[in-house]
Structures are given as structure tokens and as C-alpha cells.
Amino acid sequence: MSSLSTYRLVLMVMSVVVVIFSSILHECAHGYVAYRLGDPTAKNAGRLTLNPAAHLDPFGSIILPLLMAFMGGPIFAYAKPVPYNPYNLRNHRVGEVLVALAGPCCNILQALVGALLYALVLRGAPIALMGTPSSVLAWVAWFLIVFVQVNLVLAFFNLIPLPPLDGSKVISLFLSDRALARYYRMQRYSMVVLLVVLYVVPMVLDVDILGLYLDATAGNLTDLLLGMTG
């Protein structure tokens with residue numbers, strides 16, 4: 001195997017590992033905020049843990065990111081959704097939004113930590129990041145780049161206001177109790193609708209809506225945090 005192929009394989013593995021780790025923290029954040037707001041459902045289900053076995057979904061956490069890595073596009077994944085009862089939350093409408101936003105905020109926080117560590121690595125030992133890494137510090141720097149990129153993609157993907165993504169929960173603030181109950185029932189079909197909107201519609205219209213959105217949000221913020229805007 002050539003050095004370039006090895007390099008690409010290592011970056012792909014890095015991306016998948018970061019997706020899995022960051023998705024677990026994402027779900028823990030949902031459960032922890034729900035618990036702090038009065039709902040013990042996630043805690044009682046054993047989901048306030050970093051144990052991967054409690055969170056990983058075989059398809060969404062492993063197979064999907066591997067497929068996306070092989071396809072060369074943005075990599076994201078999902079873990080088993082953390083269970084919670086919105087009616088247990090203090091002020092359940094606002095509480096549900098806070099629980100939903102906890103996940104993307106956790107990913108953004110991880111990206112900020114990764115960017116800080118990246119700056120410290122470069123300051124402590126300036127290294128060339130062009131081409132194939134040839135030292136341990138170079139690989140550390142590339143891992144941190146991947147860490148920031150993946151977390152920002154996860155954050156902004158989940159902020160898309162389509163069920164079952166976290167951004168859709170903001171809608172609950174504007175629905176009547178009756179409409180909200182109907183909205184909860186409709187969410188069983190939400191994954192199909194999401195896949196159609198994000199993948200089938202772009203193929204028909206020949207426009208990569210998701211790619212344009214992620215470039216404008218996660219891509220630009222990654223450049224800003226890592227100092228690549230120049």
C-alpha cells in the first residue's frame with residue numbers, strides 16, 4: 001500500500017473514531033440536560049454514561065459513517081436517541097428546546113477544545129501540514145483538524161430544522177398543545193422524510209443542498225477556528 005493510500009486510510013479511521021466518540025458525548029449531553037431539567041428517563045435507562053455499548057447504533061454509529069467515509073463526503077452519524085419525556089421537564093416547551101440544543105452545543109464545545117489544542121500544538125512545535133504527515137506531532141495536528149471538522153459537521157447537521165434532527169425541536173415553541181401532540185406522532189415517519197429532502201430532492205434538482213449548507217456553516221467555522229482563512 002502506498003504512503004498516500006495509508007494516509008487516506010488513517011484519516012478515514014480518524015474521522016469514524018471521532019464521529020463515534022463525539023456522537024456519544026452528544027447523546028449524553030441530551031440526557032444530562034434533561035435530567036437537570038427534571039426528567040430522569042435517560043438516567044433511569046442507563047444513558048448518562050460514556051460506555052459506548054449504551055449508545056451505539058450498529059448502522060447509524062458504525063456502518064453509516066464508514067460508508068460516508070468511503071464515499072468521500074461529509075461524515076456524520078447518529079447514536080441511539082436518548083429517551084426523555086418532555087412532559088417531565090420544567091416548562092416542557094422551553095425545556096425540550098434546551099435538551100435538543102444540548103447536543104449540537106456539546107459538539108461545538110468539543111470543536112473549540114480541539115481548536116485550542118491545535119493552536120497549542122502548532123505553537124509548541126511548528127510543523128508543515130502540507131502533504132503526508134511524517135511525524136507524531138504532524139499526525140496529532142491532523143487528528144485535531146479532523147476532530148474540529150467532524151464536530152462542527154455534526155453540530156450544524158443536527159441543527160437542520162427537520163425531524164428527527166435537534167433543530168426541529170425549536171418548532172415546538174410555536175405549536176399549540178394539540179398540534180404538538182400531532183407533531184410527536186408524525187415523528188415516526190420523520191427519518192424517511194429527512195432522507196428524501198436531503199438526498200432524493202438534491203438528486204432530482206442536481207443541487208447539493210446539504211453540501212452547500214455544511215460548507216457555509218461547518219466549513220467556514222472550521223477555517224476560522226483553525227486559522228486557515230488566510
Side-chain angles (χ1 to χ4, degrees), residues 9-69 74-86 88-90 95-121 136 139-160 164-169 191 214 218 221-222 225-226:
L9 178 61
V10 172
L11 285 183
M12 184 184 74
V13 172
M14 283 182 182
S15 297
V16 173
V17 169
V18 172
V19 165
I20 293 173
F21 172 77
S22 298
S23 295
I24 290 173
L25 289 184
H26 177 109
E27 294 302 327
C28 284
H30 285 314
Y32 179 74
V33 171
Y35 178 67
R36 295 291 296 178
L37 292 177
D39 177 37
T41 304
K43 184 176 187 300
N44 293 340
R47 296 298 300 277
L48 299 188
T49 175
L50 295 180
N51 181 358
H55 301 283
L56 294 184
D57 177 271
F59 176 78
S61 304
I62 300 173
I63 298 175
L64 178 62
L66 281 173
L67 287 175
M68 300 190 76
I75 298 176
F76 51 84
Y78 60 86
K80 296 176 184 176
V82 166
Y84 75 97
N85 186 341
N88 285 341
L89 302 173
R90 293 188 290 274
E96 187 170 18
V97 173
L98 294 176
V99 170
L101 294 181
C105 287
C106 176
N107 290 124
I108 292 173
L109 179 60
Q110 291 180 69
L112 292 173
V113 172
L116 175 61
L117 292 175
Y118 175 81
L120 292 176
V121 167
V136 173
W139 278 115
V140 171
W142 275 107
F143 175 81
L144 292 171
I145 291 173
V146 170
F147 188 81
V148 172
Q149 289 175 330
V150 167
N151 270 286
L152 291 177
V153 167
L154 287 173
F156 284 100
F157 177 76
N158 277 286
L159 286 172
I160 295 174
L165 300 179
D166 299 326
S168 67
K169 297 298 188 290
M191 184 58 72
L214 291 177
L221 187 53
T222 296
L225 289 179
L226 299 180

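Being a predicted model, the structure only gives us computed values, none of them experimental.
Rounding to the nearest 0.5 angstrom, the gap separating the CZ atom in F156 from the CG atom in L165 is 14.0 Å. Rounding to the nearest 0.5 Å gives a distance of 10.0 Å between CZ of F147 and CG of L152. The line from CD1 of I24 to CG of N51 is 8.0 Å long, rounded to the nearest 0.5 Å. Expressed to the nearest 0.5 Å, how far CD1 of I160 lies from CG of L214 amounts to 6.0 Å. Going from atom CG of L225 over to atom CG of L112 covers 6.0 Å, rounded to the nearest 0.5 Å. Taking CG from L154 and SG from C106, the interatomic distance works out to 10.0 Å, rounded to the nearest 0.5 Å.
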Under the criterion side chain to side chain contact (heavy atoms under 4.5 Å, CB included), I'd like the reasoning laid out for L37 against N88: C-alpha separation, chi angles, the key distance, then a yes or no. CA-CA 8 Å; L37 292 177; N88 285 341; over 6 Å; no
Would you check, one step at a time, whether the test side chain to side chain contact (heavy atoms under 4.5 Å, CB included) holds for S15 with Q149? CA-CA 9 Å; S15 297; Q149 289 175 330; over 6 Å; no
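Counting heavy-atom neighbours within 6.0 Å of Y35 OH, excluding the residue itself, gives a total of 12 or less.
The backbone N or O of E27 sits nowhere less than 3.5 Å from a side-chain atom of R47 that would complete a donor-acceptor pair. Counting only distance, with no hydrogens or angles, the side chain of H55 and the backbone of T49 share a donor-acceptor pair below 3.5 Å.
L25 has its side chain within reach of L50: a pair of non-hydrogen atoms, C-beta onward, lies under 4.5 Å apart. Residues V10 and W139 are in side-chain contact: their nearest non-hydrogen atoms beyond the backbone lie under 4.5 Å apart.
When each of V18, V121, L116 is tested with L144 by the rule side-chain contact (heavy atoms from CB on, under 4.5 Å), just one qualifies, namely V121.
Closest of all the heavy-atom pairs between K169 and Y84 is CE-OH, 3.7 Å. Between G31 and L48, the closest heavy-atom pair is C-CD2, 3.3 Å. Across every non-hydrogen atom of A54 and G46, the tightest pair is CB-O, 3.9 Å. Nearest approach of K80 to L56, heavy atoms of both residues: CE-O, 3.1 Å. Here the closest heavy-atom approach between residue I108 and residue A155 is recorded as CG1-CB, 3.7 Å. Considering every non-hydrogen atom in both L89 and E96, the closest pair reads CD1-N, 3.5 Å.
In summary, the side chains of T41 and N85 do not present any donor paired with an acceptor at a separation below 3.5 Å, with no hydrogens or angles considered.
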